[in-house]
Each structure stands twice: as C-alpha cells, then as structure tokens.
Amino acid sequence: MGTITIKNQDELAAMRKAGRIVAEVFELMREKIRPGVTTAQLNKAAETLINKRHARPLFKGYGGFPAAVCISVNQEVIHGIPGRRFLQEGDIVSIDVGAQLNGFCGDGARTFAVGRIDPAVQHLLDITQACLAEGIKLAVAGSRLGDIGSRVQQIAEAEGYGVVRDYVGHGIGRELHEAPEVPNFGTAGRGIRLMNGMAIAIEPMINMGTKDVYRLKDGWTVVTKDGLPSAHFENTVAITPEGPQILTVL
Ligand code: MG
C-alpha cells in the first residue's frame, strides 16, 4: 500500500514549499555548472541555499552520506560524492537534491550538460527527461504503478538504452522514502493502484548502454558496468483530483 501523505490543501502547499526549494537549487546549479568548477563547490552552493531557506538537506548524513547533495558525473548513475573533481567540457553531471521544510520533503534530480556535449549524450538526456514527463502523466488516481514503469521502460528501450533495475523511485511525504517503491520498469496493469493524496518521486535512471550497474569501493557511487554515460531526472509529484501536480518546480 502507498502512504497517503497529503490530507488537505495546507499539506499540499507545505509539500510545494519543500519542492520549490529543490527547484531553486537546480536553477542555482544551472548558473554554476561550467568547465573548471568542482563538485565540492556545487555541493557547498546547494547547501548554502537550502540552509538560507531554513530547510534541511535530506541527503546529508542519510545512511552516513557525507554531503548535502549527490553529484554524479558521466558513467556515475547516482549517489556520487562531491569532491575535488573539476568538471570538464563535454561532461554530464547529475545533481540529486532532497530538502525538508516544516516536516515535508521534496526530492528531485536533473542531469546537466557541461559546456558542449556529444549530441548522442544530449539525446540520452532528452529521452530520460521524456521518460519522466510521460511517467508523470500517468500519476493519476486509478493508475497502477506498473503503468508508469512500463511506459518509462518502453520509451528508454525503444532507443536501445538500459533502464536501471537496482534503484527505483519511491513514495515521499513526511519521510524521504515512503511506500510504495516506484520502479522505472514493469508491466502495465500491474502493481498497486495510485490514490489521491499520495505523493511519489518518479526518477528514471537511464543508461546509454547496459542496464547493469555496480557500486564503487567508496560505498556510495553507483556506476554503469560498461562505463557508458547515465542520466537521471526526478520530480516529486502529488496525485490529486486535479491530476498530477509536479512539486519540485518554481
Ligand atoms: Mg529520490
């Protein structure tokens, strides 16, 4: 069963406020990402903004994660640890941001291009974003989770891309990770039925090559097995009688 997170308009507004901070961080990252910036500098800028909004960076200390946001470059899929690495022209960089405000959580991710990138890599970014957008359209009461997963999988696999299986989206509300799991693969018509009041983080992680990933010895960074790039787009979405409401936007 999924958790009913949003019981009234005040709670929806509170979720929106938390989500908006996540979106503000992405706007800041868009300004700061360029060749020569380090991932530690990006993390610091993100953390400063979250603190300025009197919110809490949800990933800091989560399971012992050592930074405010996850920053994953090129073949890194998720959970990259910011550090001294300089971004270079042609890189792609995925930023995953969680913020909690007044007890409610927002979670989102974007993959950014650093300077000019290979058109084939840009296509991976575009398709992953399309996977997220199409998945969100199905985030309505009465849909089943398999409807979302199967749609995302269909779009990615039609391009020959790999859909990560080992990590999935999730319910979200007062906690960062709530029931249910929201996979980016599956069978239409299967899985639990979505209900109004639920909030879910839909987050396709799409690899240019194989779907297979492994975790580096740092205990966090998940990378593609074949070393090809990976993209990650995520939004927190409320299921409402008015349809899907994307909360991690300005
Ligand atoms: Mg998430």
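Everything numeric in this text was worked out from a predicted model, so none of it was measured. Read the numbers this way: they start at 1 and go in the same order the structure lists the ligands and their atoms.
Between the side chains of Thr5 and Glu178, at least one donor N or O sits under 3.5 Å from an acceptor N or O. Ser230 and Asn207 form a side-chain donor-acceptor contact under 3.5 Å, judged by distance and modelled atom types alone. Ser94 and Ser72 form no side-chain donor-acceptor contact under 3.5 Å, judged by distance and modelled atom types alone.
The name of the N, O or S atom in Asp107 nearest to the Mg ion (ligand 1) is OD2. For the Mg ion (ligand 1), the nearest N, O or S atom contributed by Glu234 is named OE2. The minimum distance between the Mg ion (ligand 1) and any N, O or S atom of Glu203 involves atom OE2.
Because the distance cut-off is set at 2.8 Å, His170 qualifies as a neighbour of the Mg ion (ligand 1) through one of its N, O or S atoms.
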Discussion item. Between His177 and Tyr62, does the ring pair (Phe, Tyr, Trp, His ring centres under 6.0 Å) criterion hold? Intermediate values first, please.
Written reply: CA-CA 11 Å; His177 294 127; Tyr62 188 98; 5.3 Å; yes
